[in-house]
Amino acid sequence: MFDKKKYLFVILGLLMSFALVACGGAEPAAPAEDAEAAVEEAAAEEVMEEESMDEGPQIFTWADPIDPFDIDPRSSYDGQGLPVIGQAYETLTHFNAPGSETEISPELAVSWESSEDATEWTFVLREGVTFHDGEAFNADAVKALVENVRDGDLATSWIFGAIIDIEVVDDVTIKFTTEFPAKLDLVFSSAFGAWMVSPAALANDAAWFAEGNSAGTGPYKIASREAGTRIVLERHEDYWGGWNDNKFDTVVFEYIADATVREQMVRSGDADITRELDFDNLASLSEAEGVRVVPEPGYSNQFIMLNNARAPLDNVQVRQALAASFPYQTVLDNLVGGYATPAGGAIPQSMWGADADAIPAQDLDAARALLAEAGFADGFEMDYWAYEGNPIDEQLGEVWAPVLRELGIELNITVIDFNAAMDAFWNNPENAHHAVSLNWFPTYVTPFDPLFSPFSTGEYFNIAAYDNPDFTDLLFVGDELTATDTDAAIATFQEANQMLIDDAAAIFAYDFPQVWEMRDDLTGYEYSPAYSALVRVYNLER
């Protein structure tokens, strides 16, 4: 940094030396222009020193609330891992923001075509791409990844379930045959499970990735990880997209659960971007110098999952009473800063297939009647879990609690680490939460996913313990219809959605956008709601 005191000291020293020479008479006084030139030279050296200190890697700091549970791009299935994975890995296709010229654009595939019945798909791949470990990206690598995910016991395996045959036509051409019509261009844009991984890394398990290793084609590769604290990514020198001097060389994820601390970091410039701040503070933050608040349309929704496995919520009438008690409008008016909109079940209203007639309303009389019929007229105690790092989860419980108290129900609110909550549920669902907050955005943009992944029997995020084989069967019918008969697919998905509402598997609190808080000197910002928690740092410059 330029040191003003040092600069003044140099000037003073020069002037004193000139004075001494003049008084001593041994040498003639230096001309005034020489003294001025010396001062300018000293100043120039200071500036050069300051500039040289500024040279070095450009660092982008991302303050996020929760350290990822899983950063294996094949198995990671939550919004915590996505911001990291999306810097290091790429998919064949990319789903664009609403209003874009095309819905799906090339990424690692440069073109594709399908048969008329959508059961045969051929993709032509980008040439000259290498993985972080030096392996070549080609058709064999794509085949290996798809088979590894499809045939693995992973939460994401379903995305490739339709594929029954894979043919490597040549180094840059690959052909897929599906069991039923499928939109593979959409599938390969998935935010989960479709990231291309080096064949040499496929034998590694999630622990290898968790240690801070990566093997993608993306612009950044993971350099180090301090579990619970920090992940550092450095640029992949051989990235096919190339580099210029304005791009960030290093991306640092700092994991800080306290939303107030993250807000101060982005205000001060210690962080370049963050998310999941308290909605109450966004108005003042948007007026802060150097900061901008960016709300984006989304395919996300907020559920309160009701544990069907824990008494008394194993009684459908009790769950229906809880759904009828929820203060939907109060939440919209007071908790989410005017950003959220009413939900109509699990399918977001912004997504095709949504049912605008399914939006619920609070009805305390109906709630009382249902509790009485279920034998709980005097109420009961129930445990509500809110995830650490997202203030809205706890606030939802705080707004709901006094309403439940009117019904004789005491709500015990516990703030808990996300990973600990998931482990506790799967270890013993009958003694886990009664209710827990969960926000969801799609694996890829289809109603199948917000219905299937959180509510199909045995799925990892089904922390409602909802078990309805007829519901799951309907979802697969809708999935098969998606590529050929959109109207029939919509009708099928809406029927399944109504099952969830009737069974009160969850309280569908609201749909919401993604709100980013970032420094306002960043340019090149791009966002697609298909990748809710992801902004690609490679596109950004300062």
Side-chain angles (χ1 to χ4, degrees), residues 58-66 79-80 82-83 86 97-100 246 248 251-302 328-343 348-350 386-396 398-399 437 439 441 509-537 539-542:
Q58 289 202 66
I59 299 173
F60 184 93
T61 302
W62 185 314
D64 225 31
I66 301 174
Q80 282 71 55
L82 185 59
S100 299
N246 294 322
F248 291 96
V251 183
V252 179
F253 284 87
E254 300 283 0
Y255 295 106
I256 300 161
D258 191 320
T260 302
V261 174
R262 283 185 281 111
E263 179 184 333
Q264 290 303 320
M265 288 179 70
V266 81
R267 282 180 181 269
S268 66
D270 290 333
D272 292 293
I273 196 168
T274 190
R275 60 188 176 119
E276 295 186 3
L277 299 184
D278 193 323
F279 282 102
D280 289 343
N281 297 340
L282 294 188
S284 66
L285 184 61
S286 65
E287 297 174 357
E289 184 177 354
V291 179
R292 61 173 171 151
V293 175
V294 186
E296 293 282 9
Y299 300 121
S300 303
N301 38 25
Q302 186 81 33
Y328 300 95
Q329 196 58 48
T330 300
V331 166
L332 291 173
D333 291 343
N334 298 296
L335 280 193
V336 288
Y339 291 105
T341 52
Q349 294 294 304
S350 56
Y387 294 130
E388 189 177 59
N390 189 352
I392 194 67
D393 289 348
E394 186 175 3
Q395 292 166 5
L396 287 171
E398 291 170 347
V399 169
S437 184
N439 57 56
F441 64 93
Y510 54 82
D511 297 343
F512 64 97
Q514 177 68 50
V515 183
W516 298 103
E517 298 84 21
M518 66 181 72
R519 299 298 297 176
D520 67 1
D521 59 352
L522 295 170
T523 62
Y525 165 79
E526 296 177 5
Y527 176 77
S528 169
Y531 312 92
S532 179
L534 175 62
V535 171
R536 281 181 160 163
V537 176
N539 296 329
L540 299 173
E541 297 180 2
R542 197 191 309 282

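The structure presented is a predicted model; accordingly, all values stated were derived computationally and were not measured.
Side chains of Asp393 and Gln302: a donor on one and an acceptor on the other come within 3.5 Å.
The closest side-chain heavy-atom distance from Leu332 to Pro342 is below 4.5 Å. Looking at Leu335 and Tyr510, their side chains never come closer than 4.5 Å, going by heavy atoms from C-beta outward. Annotation: side chain of Phe512 is in contact with side chain of Asn439 (closest heavy-atom distance under 4.5 Å). Side-chain contact between Arg267 and Ser284: present, with at least one pair of heavy atoms (C-beta onward) separated by less than 4.5 Å. Put simply, the side chain of Tyr339 reaches to within 4.5 Å of the side chain of Val293, judged on heavy atoms. Counting only heavy atoms from C-beta outward, the side chains of Glu263 and Asp278 never approach each other to under 4.5 Å.
The backbone N or O of Pro529 sits nowhere less than 3.5 Å from a side-chain atom of Ser532 that would complete a donor-acceptor pair. Side-chain atoms of Asp272 come within 3.5 Å of backbone atoms of Thr61 as a donor-acceptor pair (strictly under, hydrogens ignored). Here the side chain of Arg262 pairs no donor or acceptor atom with the backbone of Ala271 at under 3.5 angstrom.
Annotation: the span from Tyr531 atom OH to Arg536 atom CZ amounts to 7.0 Å, rounded to 0.5 Å. Remark: Thr341 OG1 to Asn301 CG distance equals 9.5 Å, nearest 0.5 Å. Between Asp64 atom CG and Glu276 atom CD the span is 7.0 Å, to the nearest 0.5 Å. For the atom pair CD1 (Ile392) and CG (Leu277), the distance works out to 12.0 Å, reported to the nearest 0.5 Å. Atoms CH2 and CE, on Trp62 and Met518 in that order, are 8.5 Å from each other to the nearest 0.5 Å.
Applying the side-chain hydrogen bond (donor to acceptor under 3.5 Å, both in side chains) test to Glu541 and every residue at least two apart in sequence or in another chain returns Asn244.
Contact between Trp516 and Ala533 at its shortest, heavy atoms only, is CH2-O, 3.4 Å. Taking all atoms of both residues into account, the shortest heavy-atom contact from Leu540 to Phe248 is O-CD1, 3.7 Å. Scanning both residues, Asn334 and Asp280, for their nearest heavy atoms gives O-OD1, 4.1 Å. Between Phe253 and Pro83, the closest heavy-atom pair is CZ-O, 3.4 Å. Shortest non-hydrogen contact noted between Leu534 and Tyr527 is O-CD1, 3.6 Å. Summarising the geometry of Ala259 relative to Pro391, their closest heavy-atom pair is CB-CG, 3.7 Å, with the distance given to 0.1 Å.
For residues 509-529, the pairs satisfying salt bridge (charged side-chain N to carboxylate O under 4.0 Å, His left out) are Asp521-Arg542, with sequence neighbours left out.
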key: Test log, rule side-chain contact (heavy atoms from CB on, under 4.5 Å), inputs Tyr525 and Asn539   = CA-CA 6 Å; Tyr525 165 79; Asn539 296 329; over 6 Å; no
